[in-house]
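Naming convention: chains lettered A, B, ... in sequence-line order (proteins, then strands); numbering from 1 in each chain.
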Amino acid sequence: MTDPHPSPAPVPSARQGGIAARARAAAGPAYLQGLNPEQQRAVETLDGPVLVLAGAGTGKTRVLTTRLAHILTLGLARPGQILAVTFTNKAAREMKERIGGLIGESVEGMPWLGTFHSICVKILRRHAELVGLKRDFTILDVDDQIRLLKQVIQAADLDEKRWPARQLANFIDGWKNKALTPDKVPSGDAHAFAGKGDELYATYQARLKTLNAVDFGDLLLETIRLFKENADVLADFQSRFRYMLVDEYQDTNVAQYLWLRLLAQRTGEDEKANLCCVGDDDQSIYGWRGAEVDNILRFEADFPGAVVIRLERNYRSTSNILDAASHLIAHNEGRLGKTLHGQGEAGDKVTVTCAWDSEEEARLIGEEIEQLQRKGENLDEMAILVRASFQMREFEDRFVTLGLPYRVIGGPRFYERAEIRDAIAYLRATAQPADDLAFERIINTPRRGIGDVTVRTIHDVARSRGIPMMQAALELTESEDLKARARNAVRNLVTDFARWRGQLDQMPQSELAAIILEESGYTEMWQRERSPDAPGRLENLKELLRSMEEFDSLTGFLEHISLVMDTEAGDQEDKVSLMTLHAAKGLEFGTVFLPGWEEGLFPHQRSMDENGRAGLEEERRLAYVGLTRAKRRAALYFATNRRIHGLWQATAASRFLDELPEANIEVIDTGSLRTSGAYGPRGSGSGGTYGNSRFDEAEPFASTYSTPGWQRAKKNKARAASNPWKEAPMLEGEVLARSTGTASAYARGERVFHQKFGYGEITAVDGNKLTVDFDHSGPKRVLDSFVERH
DNA sequence: CGGAGCGGGATTTTT
DNA sequence: TCCCGCTCCG
């Protein structure tokens with residue numbers, strides 16, 4: 001370890017040093033006990049910018065919470081003067097609890113500890129008028145966003161099939177992640193989406209404003225705008241936040257980075273902001289949703305004089321696991337460099353097991369789990385981490401057969417279920433009569449005879465008069481524009497809403513909600529439904545009502561659910577966990593099973609196709625995250641055959657397996673004589689960077705050459721040559737896509753040819769990524785290295 | 001208003 | 001292959 005700052009480090013400021021020293025001299029506060037020197041330094045280096053590079057399992061959360069407790073205990077800031085940002089509500093919740101545990105009841109909640117988004121909401125509610133919003137603006141969820149975009153696309157006379165709202169939503173999210181307002185969208189990008197990308201984006205933003213609504217991305221962007229346009233407001237927050245803390249810094253996107261930088265910039269003052277960012281560049285796995293690893297890599301340049309502290313002592317895993325993970329991640333280029341050191345024993349080696357197909361893979365893992373269980377190990381301490389969710393099914397099937405209790409982590413969340421969204425739409429339309437999207441969602445749910453034509457009429461009247469749909473509906477009932485039947489239905493609904501609104505302050509919100517769901521016929525709708533999931537949905541609705549009781553107002557509840565989309569389902573039973581690698585970040589288990597280590601699946605082909613080397617490196621980080629979740633045992637698996645899009649395909653062992661250090665792995669002979677060799681050399685045969693896999697040769701299982709398994713493997717090898725995953729120009733992509741971000745040699749309007757998609761015309765250029773409208777398969781994003789001019 | 005029949009797509013996902 | 005969302009028809 002070559003730490004340039006030996007510890008204990010002198011704390012830069014005399015004021016702080018003095019206090020900290022005194023604190024230490026008095027045997028130090030209890031919370032500092034038991035921290036290692038680096039951790040202690042991370043806790044006590046309070047002045048100026050600090051970057052804490054916290055490797056997996058190095059006690060990051062502990063450092064974070066202790067640091068906050070330290071600041072509060074020393075009396076350097078009051079709780080309201082500390083900004084602490086996390087990415088998820090879960091992380092924020094945990095941090096709150098742990099700080100409470102550290103410093104006891106003396107300090108009540110920290111108002112500025114939360115997610116980027118929740119903090120932005122808090123700021124925006126105070127200053128809404130300054131960015132053209134009303135104080136009670138609504139926050140749209142993804143559903144609303146898509147429906148609104150659909151309307152925008154329809155209004156622009158585009159074919160919804162060819163130009164799906166989802167795709168536009170992705171573009172817009174991408175721009176917002178980069179803090180690009182419609183006028184700032186680069187011209188290459190702007191012409192994406194039927195050449196109307198920026199135009200549609202602008203229309204969408206205008207619609208949001210008239211709806212007095214924002215989407216998630218706007219929360220950041222509008223706050224940035226607020227800061228930029230109102231120096232006094234910004235200055236107020238800058239001086240308020242004496243200490244700033246950001247967790248998972250490697251996951252920040254450009255907008256979040258700009259937001260932070262605005263707050264951390266203290267114009268006119270000599271003093272540097274006390275900004276502490278904590279993260280791990282090796283665990284950056286969210287590039288695809290806008291995270292910029294660059295933010296963490298650039299930290300020292302962004303914040304001159306920054307102190308960088310590395311936490312490399314891992315308290316979680318045995319050293320075989322750590323060495324395997326470290327060796328693997330060392331294959332990445334763009335990293336700050338960090339090596340985890342184990343603190344205990346070597347433990348078991350990481351195992352690599354080959355299965356014939358995904359079914360056998362599931363069976364082997366099932367057997368292994370049962371065996372561990374017989375040895376007295378808890379199922380809670382075991383997890384299966386998959387790359388893609390389709391892999392889960394095989395395991396679920398297997399576990400059901402075995403009667404093995406399991407839980408799936410992730411997946412559709414409580415508040416994303418249709419019945420919950422419907423119920424919430426009723427509440428929103430009651431509390432906020434101008435919430436058109438909510439009103440529209442349930443206007444004919446349950447069916448009450450308000451058909452498309454009627455909805456369109458209400459919509460048009462609302463748009464042309466600039467009034468909310470609820471009001472337009474009311475006015476239409478007094479006109480002759482609707483057929484008698486529809487008019488009655490509309491009148492009934494509007495009267496219902498008016499009545500419910502009148503009851504808002506008369507009773508607890510959960511009671512009112514129950515009345516609304518009853519009187520609207522919504523509950524009845526599900527009671528009548530005979531489908532198998534209907535009872536579950538009714539149960540969910542009850543759960544929703546129950547959870548509402550904890551809030552003191554309907555508005556408070558609505559605010560909460562628009563930002564917090566998860567519910568802590570306290571599941572106490574002993575179960576195996578099944579989740580994606582992404583969902584596993586931050587968790588740990590005694591034993592971790594990692595199936596599906598095959599080329600094309602992991603690393604995922606699409607990731608490499610779309611992002612070249614950067615994509616591959618992110619996949620490798622994902623592998624690193626997976627391995628480092630294991631405390632005592634990590635078991636890797638790959639199958640030689642897997643069904644992809646319905647077709648059985650021969651597959652090759654993942655290159656990541658070859659990147660593991662031999663000394664720390666053990667290849668398991670499953671006894672079915674199907675050892676290695678089943679997978680031919682990878683790549684398109686161009687003999688590129690990646691030589692043959694050591695899993696290609698019978699070493700170290702030379703004894704299996706003449707076995708049926710080997711014979712079958714040979715056949716398999718021949719078949720593998722026709723594997724479309726392998727035919728993909730992976731090696732080419734690897735080389736040519738090395739530098740993302742360089743300008744492309746192609747221009748909009750050019751005709752190109754793509755091996756897979758055929759001929760097409762370039763509609764947008766973003767660095768080396770092209771959006772090509774293919775003659776036969778429609779618009780796609782491809783790397784420029786995969787096409788040729790025509 | 002519901003069901004059949006179709007075409008397209010098929011990583012990862014928080015707020 | 002399988003799942004979804006949408007359309008069309010009765």
* To do: Kindly write out the residues that satisfy side chain to side chain donor-acceptor pair (under 3.5 Å) with A/D422, not counting sequence neighbours, or none if the list is empty.
  => A/R441, A/Y522
Rounded to the Å, how far apart are [X] [atom1] and [N] [atom2]?
X	N	atom1	atom2	value
A/N253	B/dT15	CG	P	14 Å
A/E160	C/dG5	CD	P	15 Å
A/L616	B/dT11	CG	P	18 Å
A/H582	B/dT12	NE2	P	9 Å
A/Q256	B/dT14	CD	P	14 Å
A/R147	C/dG5	CZ	P	14 Å
A/R289	B/dT14	CZ	C1'	4 Å
A/Y286	B/dT11	OH	C1'	12 Å

* Structure fact -> Among B/dT11, B/dT12, B/dT15, the one nearest any side-chain atom of A/H604 is B/dT11
* To do: Measure from the side-chain heavy atoms of A/K161 and tell me the nearest of B/dT15, B/dT11, C/dT7.
  => C/dT7
Students often get this wrong, so: under 4.0 angstrom with heavy atoms, is [X] touching a base, only sugar-phosphate, or nothing?
X	result
A/S607	base
A/R621	nothing
A/E619	base

[X] over [N], stacked by centroid distance under 5.5 Å, angle under 30°:
X	N	answer
A/H117	B/dT15	no
A/W288	B/dT11	no
A/H645	B/dA10	yes

N/O (side chain, [X]) to phosphate O (OP1/OP2, [N]) under 4.0 Å:
X	N	value
A/S389	B/dT11	no
A/S118	B/dT15	no
A/N89	B/dT14	no
A/K150	C/dC6	yes
A/R166	B/dG8	no

* Do A/K209 and A/E222 sit within salt-bridge range, that is, some charged N less than 4.0 Å from a carboxylate O? -> yes
* Is the shortest distance from a Lys or Arg side-chain nitrogen in A/R398 or A/E394 to a carboxylate oxygen in the other one below 4.0 Å? -> no
* Asked: Which residue lies toward the 5' end of DNA chain B, A/G646 or A/G449, if each is placed at its nearest nucleotide?
  -> A/G449
* Residue met sooner reading DNA chain B from 5', once A/A583 and A/P446 are mapped to nucleotides -> A/P446
* To do: Run the numbers on A/E292 and A/N177 for side-chain hydrogen bond (donor to acceptor under 3.5 Å, both in side chains), then give the verdict.
  => CA-CA 10 Å; A/E292 294 275 340; A/N177 284 338; over 6 Å; no
* If the P atom of B/dT12 is compared with that of C/dG5, how far apart are they to the nearest Å? -> 15 Å
* Report yes or no: is there a donor-acceptor pair, N or O only, under 3.5 Å between the side chain of A/R387 and the base of B/dT12? => yes
* Structure fact -> Sorted by chain and number, sequence neighbours left out, side chain to side chain contact (heavy atoms under 4.5 Å, CB included) with A/E396 holds for A/M392, A/Y406, A/V408, A/L578
* To do: Please name the pair of heavy atoms, one in A/A489 and one in A/I450, separated by the smallest distance, quoted to 0.1 Å.
  => CB-CG1, 3.7 Å
